[in-house]
Amino acid sequence: MTSSRPYLVRAFNEWILDNNCTPYIVVDAGVQGVQVPTEHVANGQIVLNISPGAVKALVIGNGALEFSARFGGVPMQVFIPLQAVMAIYARENGEGMVFGSEPGSPDPEGGSPEADRSSSQSAQRPSGKPSLKVVK
């Protein structure tokens, strides 16, 4: 089967926007093919606002997420293979989803076992209020 990640990213993005919240994504900047402003990468990750007011021409395809935006006034085309998207969440309340590695898919380059453990642990928590950690 194909990856469920692109479908979930699109669905969560729409759900977050429908609830008048701001969608943010956490990206593993070490994955091959990621094109993001490197000056904003911290601990190998970058958090990006993907709301319509922050980006132009957002496309969430089956293989990658891309858009154009300004960083410090400088325009840039951002390209993110979907395997590099680690989480999508609403800035206002932290509700969203953290992604682990999918069965049968290769581990993203630069991914750490610690990150995989933490996403697995959050997926195994009993239902209740989600807890996402914002990494800046």
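A distance of 11.0 Å separates CD1 of Ile80 from CG of Asp28, quoted to the nearest 0.5 Å. In this structure, CD1 on Ile50 lies 11.0 Å from OH on Tyr24, to the nearest 0.5 angstrom.
The minimum heavy-atom distance between Pro6 and Leu82, with the atom names listed, is CB-CD1, 3.3 Å. Contact record, Val27 with Leu48: CG2-CD1, 4.3 Å, taken as the closest heavy-atom pair.
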Cut-off 3.5 Å, no hydrogens considered: what does the side-chain donor-acceptor table look like for residues 64-75, sequence neighbours left out?
{"unit_1": "Ser68", "atom_1": "OG", "unit_2": "Lys56", "atom_2": "O", "d": "3.4"}
{"unit_1": "Arg70", "atom_1": "NH1", "unit_2": "Gly73", "atom_2": "O", "d": "2.8"}

Can you give me every donor-acceptor pair (side chain of residues 12-22, partner residue at least two apart or in another chain, under 3.5 Å) with its distance?
{"unit_1": "Asn19", "atom_1": "ND2", "unit_2": "Trp15", "atom_2": "O", "d": "2.8"}
{"unit_1": "Thr22", "atom_1": "OG1", "unit_2": "Glu92", "atom_2": "OE2", "d": "2.7"}

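Val41 and Ile25 fall within a single hydrophobic cluster, where Ile, Leu, Val, Met, Phe, Trp and Tyr are joined by side-chain heavy atoms under 4.5 Å apart, directly or via other members. By the rule that hydrophobic residues join a cluster once side-chain heavy atoms approach within less than 4.5 Å of another member, Met76 and Val55 end up as members of one cluster. Under a hydrophobic-cluster definition in which Ile, Leu, Val, Met, Phe, Trp and Tyr are linked whenever side-chain heavy atoms come within less than 4.5 Å, directly or via other members, Val47 and Met86 are assigned to the same cluster. In this structure, Ile88 is a member of the same hydrophobic cluster as Leu8, with clusters built from ILVMFWY side-chain heavy atoms closer than 4.5 Å. A single hydrophobic cluster is seen to contain both Val78 and Leu58, as judged by linkage of ILVMFWY side chains at heavy-atom distances under 4.5 Å, directly or through other members.
No donor-acceptor distance shorter than 3.5 angstrom exists from the side chain of Arg5 to the backbone of Phe99, with no hydrogens or angles considered. Of the possible polar contacts, one joining the Asn49 side chain to the Ser51 backbone as a donor-acceptor pair under 3.5 Å is found.
Residues satisfying the side-chain hydrogen bond (donor to acceptor under 3.5 Å, both in side chains) criterion with Arg10, sequence neighbours excluded, are Asn62.
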